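Notes to accompany the following structure.
Naming: A, B, ... by sequence-line order, numbering from 1 per chain. Being a predicted model, the structure only gives us computed values, none of them experimental.
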Amino acid sequence: MTMMQGDFLREMSERDEKIKSLVNMGFSEDEANEAIIRCGVDADICVLVDSVSASRVAEDCHSRNLSDHQVTDRCFNSFGGRKKARLMEESRKKRKRYGGGGQGNRPSLDGSDEDSMPLPNPMVGFNLPGYSGPSVTRMLSKLDTGPPFFYYENVARAPKGEWAKISRNLFDIQPEFVDSLHLCAAARKRGYIHNLPIENRSPLLPLPPKTIFEAFPHYKKWWPSWDTRTHLNCLQTCVASAKLTDRIQRALVSSSNPPTKSVQKYVMDECKKWNLVWVGKNKVAPLEPDEMEYILGFPRDHTRGVGKTQRYKSLGNSFQVDTVAYHLSVLRRMFPNGVRVLSLFTGIGGGEVALHKLGIHMRVVVSVEIGEASKKIFKSWWDQTQTGTLIEITDVKSLTNDRVASFISQFGGFDLVIGGSPCNNLAGSNRHHRDGLEGKHSALFYDYVRILNFVKSAMGGRRM
DNA sequence: TATATTATGACGATGCGC
DNA sequence: GCGCATCGTCATAATATA
């Protein structure tokens, strides 16, 4: 075999390998091929994913703009349009209830939302950092744009129809679905509804590590070739036990080298389910809290000072900072003197950390958070990094409209109302009470709506 | 020793993409 | 149909703290 033939074969197998990976990620073979042509066969898998996504975003532009025109229409007939949408929704539901046929999962063309709100694939939102090309544009009605600006977040994979409901309560604005996997080393599929401009966004620098190995190069040493993960799954609130590490180690030790297919499958299933990484010979373990902080974009030791369980829980519930910061980055130019923030369900302060990292001064933050551990974490971060005014409120129910009114007159209004309401009753991991938006915890969404609407009406369109 | 905190394992369904 | 991922909850045992 000649040298050239050898190179050729090596290149072919590398190409096949990468195509296979891309196909596994949900791209078509054609898309994978085109990306490799654009970027070269040596390009990192991550770069290839970006390339495919970018070309999809560009192609999507046309069709997406169609639906944006629906939104534009509401500039001229905002109220009537919404009412019509609601009526159509009702009649559609009735059709469904009484067994009428129908195409189902297609977004309708008249601006009304169907029950199902399809998630984009790839889940890249309106655009992502690193793309120079034209992206999605959207036009919001005058009534919907700030001030105040608002930013709402929750899990993308809520039960069917729940995002349509959320959208309906937030001025029918289309959610922006993003999987943070495109920005950092772990997946995080989330929907964001906001009235921020989407042009001229800029990412936080330095860009976060985009693969497991970029984030944790030292784990390469123990990573077996048959574990082909490049990204972690969603960081959740619970982590695997030390006993599981033991069980997996025993299974590996008693198998061959490399392990049998069935052992490999067992190990990989557990690794994916529990988000385990290779920390030693035959040894997998969950991420440490500080590693989760790193992936999620928080400063090191951000959650130090509370118990480990609480750290995992509050981190699992939090924003991915780079993702949120990318969306919020447009505020920097608009508010050179800083922002007044109403922060609902603050948690460990993902939104505030994002603003801080963007260099946006927080003149005021009125923060609502009920968790003792989260409050402690957030307060200690605030005290060591911020100079603005912080007002802490425990229960969102106690933040009555009257109190909001008095804050508005005290501070002259709010520039940003931000928050992700509880996902407990929406999240797929919840076996017991996945009751949707009306569930015990997730129903607090309606307090977000109440308070946002009150702020909007109290500020009455005037600049304050 | 009484109490508080932490660790562990059992517990499926949903909805998508293919 | 099949593979896959999923900001979780509960009861109980083990361990830490006073």
Tell me, please, which residues at least two apart from A/Lys313 pass side chain to side chain donor-acceptor pair (under 3.5 Å).
none
Using a 4.0 Å heavy-atom cut-off across all strands, classify A/Lys272 as base, sugar-phosphate, or nothing.
sugar-phosphate
Given Watson-Crick and G-U pairs under 3.5 Å, DNA chain C in dot-bracket ([ ] crossing, | other strand) is ||||||.|||||||||||
Restricting to side chain to side chain contact (heavy atoms under 4.5 Å, CB included), what partner residues turn up for A/Arg157, sequence neighbours left out?
A/Leu119, A/Lys189
Give a yes/no on whether any side-chain N or O of A/Arg157 is located under 4.0 angstrom from OP1 or OP2 of B/dT14.
no
What is the per-nucleotide protein-contact pattern of nucleotides 5-12 of chain B, from the 5' end, where B denotes a base atom under 4.0 Å from a protein heavy atom, S denotes such proximity for sugar-phosphate atoms only, and - denotes neither?
-SSSS-BB
Is there side-chain contact between A/Tyr266 and A/Glu270, with at least one heavy-atom pair below 4.5 Å?
yes
Tell me every residue that passes ring pair (Phe, Tyr, Trp, His ring centres under 6.0 Å) with A/Phe177, counting only those two or more places apart in sequence or in another chain.
A/Trp163
Residue set satisfying side chain to side chain contact (heavy atoms under 4.5 Å, CB included) with A/Ala185, at least two apart, ordered chain then number -> A/Ala215, A/Ile295
Taking 4.0 Å as the cut-off, does a side-chain nitrogen or oxygen of A/Lys189 come that near to OP1 or OP2 on C/dC7?
no
Kindly write out the residues that satisfy side chain to side chain donor-acceptor pair (under 3.5 Å) with A/Tyr152, not counting sequence neighbours, or none if the list is empty.
A/Asn154, A/Ser421
Enumerate the residues from residues 279-305 of chain A whose closest heavy atom to DNA chain C is under 4.0 Å, giving them by residue number; use none for an empty result.
none
For A/Asn195, check side chain to side chain donor-acceptor pair (under 3.5 Å) against everything at least two apart and list the hits.
none
Not counting sequence neighbours, which residues clear side chain to side chain donor-acceptor pair (under 3.5 Å) with A/Thr400? List them please.
none
Mind checking salt bridge (charged side-chain N to carboxylate O under 4.0 Å, His left out) for A/Asp322 and listing every partner two or more places apart, or none if nothing turns up?
none
Strictly by side chain to side chain donor-acceptor pair (under 3.5 Å), give each pair with a member in residues 238-250 of chain A just once, sequence neighbours left out.
none
Is NZ or CZ of A/Lys456 both nearer than 6.0 Å to the six-membered ring centre of A/Phe171 and within 45° of the ring axis?
yes
Quickly work out the A/Trp163 CH2 to C/dT6 P distance and round it to whole Å.
16 Å
Taking N and O atoms by type only, does the side chain of A/Glu153 place a donor or acceptor under 3.5 Å from a partner on the base of C/dC7?
yes
For B/dG9 and C/dT6, measure between their P atoms and round to the nearest Å.
22 Å
Between B/dG17 and C/dC7 - P atom distance, rounded Å
16 Å
Under 4.0 Å between a side-chain N/O of A/Asn121 and OP1 or OP2 of B/dC16, yes or no?
no
